[in-house]
Amino acid sequence: MMNIRSAFLAVLLTTVIGSGSVRAQSGDAGSVSDVDGQRDCSKLIASGNPDYPPYLWVSKDGQALHGAAAEFIKTVGARAGVEIEVVHSGSWGRVQQHMRDGTIDLIAGAFLTVPRLSYMDYFHPAFQGTRTLIWTRDNLDLHYSAWSDLVGIEGLTVINNSFGQAFDDYARQDLTIRQVPSLEQGLQMLSLNRAEYLIYEEFPGKAVIAHENITNLRSYDTPVSSEDLYITMSHQSECNTGELRGRLSEAVFELVSQGLMTQMLEASIQEWGEHTN
């Protein structure tokens with residue numbers, strides 16, 4: 001049986017780019033086959049947002065994702081009797097395209113939006129709740145308490161991110177928000193007065209601000225939205241069957257009931273600090 005990462009690299013005809021991240025070019029990232037050439041669904045490929053500490057971040061070799069969400073989904077797999085490897089398959093936008101294509105099987109952490117329902121299944125319950133906040137420079141007071149307070153002010157967010165269907169719809173119609181490639185770039189731009197605010201989640205924002213040694217930013221207590229993170233499975237995955245979804249769903253339910261993610265998140269915050277220092 002071939003090593004799953006080797007299969008991922010070989011079948012996808014990948015290219016190592018710039019920072020060492022692996023970008024899928026063609027093929028099926030989940031295609032791990034047995035001796036008869038059939039898809040081996042005892043091994044699944046997962047990915048996720050690589051710019052998302054302490055939930056997910058890129059390993060030093062550039063090929064895997066580490067973090068609390070990665071550990072959680074691997075534990076779900078072990079409980080369900082399958083091996084899940086969490087690979088770095090590119091940017092968050094590219095990961096979502098891989099899910100549309102079925103070139104990965106699972107995502108280790110996604111918000112629920114209507115467009116995403118068209119190409120992936122969600123496992124309930126959610127494994128983690130999150131808060132999305134407004135970040136500004138510490139010498140600027142937007143007097144933020146509601147979405148309407150952002151009308152007419154230029155903001156930033158990271159490309160292909162969602163902050164819940166309701167806010168996404170409101171922002172599209174009524175707000176002026178530029179998209180940037182990464183959270184690090186957005187926070188640096190905000191720090192340098194190139195925008196008035198940035199929208200992003202609480203834990204990742206704090207983690208990157210600390211890592212980048214940015215000292216002139218703050219967040220508002222009132223959240224833009226409070227959303228849940230789910231494990232999802234591609235509609236196009238060859239392993240997306242009712243039987244396997246049932247096993248994975250049962251495992252998610254049991255592990256959430258046990259409060260496992262709280263322990264993993266605490267350990268991940270410590271690991272992220274050690275990883276970046």
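Computed from a prediction, not measured in an experiment: that's the story for all the values here.
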Qualifying residues under side-chain contact (heavy atoms from CB on, under 4.5 Å), relative to S226, sequence neighbours excluded: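 For S226, the residues satisfying side-chain contact (heavy atoms from CB on, under 4.5 Å) (neighbours in sequence not counted) are R131, P223.
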
T241: partners by side-chain contact (heavy atoms from CB on, under 4.5 Å), with sequence neighbours left out: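 If we apply the side-chain contact (heavy atoms from CB on, under 4.5 Å) test to T241, skipping adjacent residues, the hits are E243, L244.
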
Can you list the steps and then say if L44 with E83 is a side-chain contact (heavy atoms from CB on, under 4.5 Å)? CA-CA 6 Å; L44 303 177; E83 178 185 343; over 6 Å; no

Please determine, by modelled atom types, if Y52 and E201 share a side-chain donor-acceptor pair under 3.5 angstrom.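 Yes - a donor-acceptor pair under 3.5 Å links their side chains.
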
Cut-off 3.5 Å, side chains only: do N240 and D121 have a donor facing an acceptor?
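D121 and N240 do have a side-chain donor-acceptor pair below 3.5 Å.
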
For the [atom1] atom of [X] and the [atom2] atom of [Y], what is their distance to the nearest 0.5 Å?
{"X": "I104", "Y": "I107", "atom1": "CD1", "atom2": "CD1", "result": "5.0 Å"}
{"X": "L112", "Y": "S162", "atom1": "CG", "atom2": "OG", "result": "9.0 Å"}
{"X": "W135", "Y": "Y220", "atom1": "CH2", "atom2": "OH", "result": "12.5 Å"}
{"X": "D105", "Y": "H98", "atom1": "CG", "atom2": "NE2", "result": "12.0 Å"}
{"X": "M261", "Y": "Q263", "atom1": "CE", "atom2": "CD", "result": "11.5 Å"}
{"X": "Y197", "Y": "L156", "atom1": "OH", "atom2": "CG", "result": "8.5 Å"}

Suppose we screen for ring pair (Phe, Tyr, Trp, His ring centres under 6.0 Å). Which residues come up paired with [X], at least two apart in sequence or across chains?
{"X": "F72", "value": "F127"}
{"X": "Y170", "value": "W147"}
{"X": "H235", "value": "none"}

#### Entry: I159 reachable from F111 in the ILVMFWY side-chain graph, under 4.5 Å edges
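Different hydrophobic clusters.
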
With a 6.0 Å cut-off (strictly less than), is the heavy-atom count around [atom1] of [X], excluding the residue itself, greater than 12?
{"X": "E250", "atom1": "CD", "result": "no"}
{"X": "D221", "atom1": "CG", "result": "no"}
{"X": "R194", "atom1": "CZ", "result": "no"}

For [X] and [Y], which heavy atoms make the closest approach, and how far apart are they?
{"X": "S191", "Y": "N216", "answer": "OG-OD1, 2.7 Å"}
{"X": "P204", "Y": "P54", "answer": "N-CD, 4.2 Å"}
{"X": "F123", "Y": "S249", "answer": "CD2-OG, 3.1 Å"}

Is it the case that the side chain of [X] and the backbone of [Y] share a donor-acceptor pair, with hydrogens and angles ignored and the cut-off at 3.5 Å?
{"X": "S234", "Y": "M99", "value": "yes"}
{"X": "R247", "Y": "V82", "value": "no"}
{"X": "T157", "Y": "I199", "value": "yes"}
{"X": "D149", "Y": "A146", "value": "yes"}
{"X": "Q165", "Y": "V114", "value": "yes"}
{"X": "S89", "Y": "S47", "value": "no"}
{"X": "S268", "Y": "M264", "value": "no"}

(message) In terms of relative ring orientation, are Y122 and H124 parallel, tilted or perpendicular, with 30° and 60° separating the classes?
(response)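 Tilted.
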
*Would a 4.5 Å heavy-atom cut-off, applied to side chains only, mark E202 and T130 as touching?*
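Side-chain contact under 4.5 Å: no.
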
Practice prompt. Please determine if D40 and K43 form a salt bridge, counting it only when a charged side-chain N lies under 4.0 Å from a carboxylate O.
Written response: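 No, no charged N to carboxylate O under 4.0 Å.
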
Is it true that R94 and D101 have a side-chain N and a carboxylate O under 4.0 angstrom from each other?
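Not counted as a salt bridge, because no side-chain N and carboxylate O are separated by less than 4.0 Å.
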
May I have the step-by-step check of side-chain contact (heavy atoms from CB on, under 4.5 Å) for Q128 and Y55, ending in yes or no? CA-CA 10 Å; Q128 176 67 22; Y55 301 111; 3.7 Å; yes

Subject >> L190 and L217: CA distance, side-chain angles, deciding distance, side-chain contact (heavy atoms from CB on, under 4.5 Å) verdict >> reply: CA-CA 8 Å; L190 185 63; L217 300 182; 3.8 Å; yes

- request: Verify whether the ring centers belonging to H211 and W272 lie closer than 6.0 Å.
  value: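 Ring centres of W272 and H211 closer than 6.0 Å.
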
**Message:** Can you list everything that forms a salt bridge (charged side-chain N to carboxylate O under 4.0 Å, His left out) with E254? Sequence neighbours excluded, please.
**Reply:**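 In terms of salt bridge (charged side-chain N to carboxylate O under 4.0 Å, His left out), with neighbours along the sequence ignored, E254 is linked to R79.
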
side-chain contact (heavy atoms from CB on, under 4.5 Å), paired with L56, selected from I73, L65, D51:
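For L56, the side-chain contact (heavy atoms from CB on, under 4.5 Å) check succeeds only for L65.
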
